[in-house]
Amino acid sequence: MSLNFVALEQHLSTRSYIEGYTPSQADVHVYNLLTAPEPSKYPHSARWYSHIKSYAAEHATLPGTSTAGQAFLQSQSASTPAAAAAADEDEVDLFADDDEEDAEAERLKAERVAAYNAKKANKPKAAAKSVVTLEVKPWDDETDMQALEDSVRSIEQEGLVWGASKLVAVGYGIKKLQITVVVEDELVSLDDLQEKVAEFDDYVQSSDIAAMQKL
């Protein structure tokens with residue numbers, strides 16, 4: 001049996017003792033199996049070795065067992081070139097497994113992203129709408145404003161919904177109709193709408209878009 005210096009160095013790179021947080025028989029067991037490690041090659045092991053050496057007078061009375069220390073022992077066959085090659089091969093295989101797992105995870109991630117994008121692309125988009133305030137002016141103060149409004153509201157088409165209305169004084173007893181309409185931008189042309197309003201020329205002198213706001 002011999003000591004696995006690489007495993008010991010790796011273990012002590014993040015720990016102060018072989019086991020636990022104080023010196024124990026596990027430290028003594030490993031300490032007795034080696035001579036002072038080369039600091040340049042095994043810095044953590046060299047630090048640990050010097051520290052455990054300072055407890056030399058107490059080695060026999062330190063608590064614990066040597067069980068944990070046996071984890072760093074390896075058979076002579078394991079230290080032969082053939083055994084080392086086998087160990088290297090196993091290590092490579094382990095990394096290969098990790099690579100395969102990473103590749104599988106990336107593939108699943110890509111599939112989920114693609115499925116999300118496809119679902120998002122197929123999701124119906126909300127129609128763009130606008131709220132428009134339309135002002136319709138009569139010929140004079142004798143124009144039947146109720147008939148004018150009824151005529152305007154008689155215009156029906158897909159994507160057009162008439163809303164609230166009111167009469168606004170212009171002057172000289174003349175009032176204009178101010179009416180709100182919600183339109184779907186792709187279905188309703190405001191120019192065409194105004195042309196349709198202008199066809200009621202018995203009542204309508206002109207119309208204007210007073211305000212417009214996107215929904």
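Bear in mind that the values here come from a model prediction, so they are computed numbers and not experimental data.
Between Lys109 and Glu106, none of the side-chain N atoms (NZ, or NE/NH1/NH2) sits under 4.0 Å from a carboxylate O, so this pair counts as no salt bridge.
The CZ atom of Arg47 lies 9.0 Å from the OG atom of Ser13; values are rounded to the nearest 0.5 Å. Here the straight-line distance linking atom CD1 of Ile52 with atom NE2 of His59 works out to 6.5 Å at 0.5 Å rounding. Separating the OG atom in Ser207 from the NZ atom in Lys176 is a distance of 11.5 Å, to the nearest 0.5 Å. With rounding to the nearest 0.5 Å, the separation of CG in Asn4 from CG in Leu33 is 12.0 Å. Put simply, CD on Glu184 and CD on Glu158 are 6.5 Å apart, with the number rounded to the nearest 0.5 Å. Atom-to-atom distance recorded for Ile174:CD1 and Trp139:CH2 is 11.5 Å, nearest 0.5 angstrom.
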Working for side-chain contact (heavy atoms from CB on, under 4.5 Å), residues His51 and Ser16: CA-CA 9 Å; His51 182 58; Ser16 297; over 6 Å; no
Steps toward side-chain contact (heavy atoms from CB on, under 4.5 Å) verdict (Thr67, Glu19): CA-CA 10 Å; Thr67 302; Glu19 182 181 37; over 6 Å; no
Trace of the side-chain contact (heavy atoms from CB on, under 4.5 Å) decision for Val28 with Tyr55: CA-CA 9 Å; Val28 175; Tyr55 285 88; over 6 Å; no
Working for side-chain contact (heavy atoms from CB on, under 4.5 Å), residues Lys137 and Asp208: CA-CA 9 Å; Lys137 297 177 182 178; Asp208 294 298; 3.9 Å; yes
Test salt bridge (charged side-chain N to carboxylate O under 4.0 Å, His left out) applied to Arg107 and Glu104, step by step: CA-CA 5 Å; Arg107 185 183 66 79; Glu104 179 66 13; 2.6 Å; yes
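The shortest non-hydrogen separation linking Thr22 to Asp27 is O-OD2, 4.0 Å. Looking at every heavy atom in both residues, Pro39 comes nearest to Ala46 through CA-CB, 3.8 Å. Shown here for Leu12 and Ser45, the closest heavy-atom pair between the two residues is CD1-CA, 3.8 Å. Contact detail for Lys175 and Ala169: the closest heavy-atom pair is CG-CA, 4.0 Å. Tyr17 and His11 get closest at one heavy-atom pair: O-NE2, 3.4 Å. For the residue pair Leu62 and Gln25, the shortest heavy atom distance occurs at O-NE2, 2.8 Å.
In this structure, Trp48 and Tyr31 have perpendicular ring planes: the angle between them is above 60°, well past the 30° mark.
Contact annotation: the side chain of Ser165 approaches that of Arg153 to within less than 4.5 Å [non-hydrogen atoms, C-beta and beyond].
Other residues, nucleotides and ligands contribute only 12 or fewer heavy atoms inside 6.0 Å of the CD atom of Glu186. Atom CD of Glu38 has 12 or fewer heavy atoms from other residues, nucleotides or ligands within 6.0 Å.
For Asp144 (side chain) and Gln146 (main-chain N/O), a donor-acceptor pair under 3.5 Å exists by modelled atom type. Between the side chain of Glu9 and the backbone N or O of His44, at least one donor-acceptor pair lies under 3.5 Å. A distance-only check finds a donor-acceptor pair linking the side chain of Asp140 to the backbone of Thr143 [under 3.5 Å].
As a member of the Ile/Leu/Val/Met/Phe/Trp/Tyr network built from side-chain separations under 4.5 Å, Leu193 groups with Val132, Leu134, Val136, Met145, Leu148, Val152, Ile155, Leu160, Trp162, Leu167, Leu177, Ile179, Val181, Val183, Leu187, Val188, Leu190, Val197, Phe200, Tyr203, Val204, Ile209, Met212.
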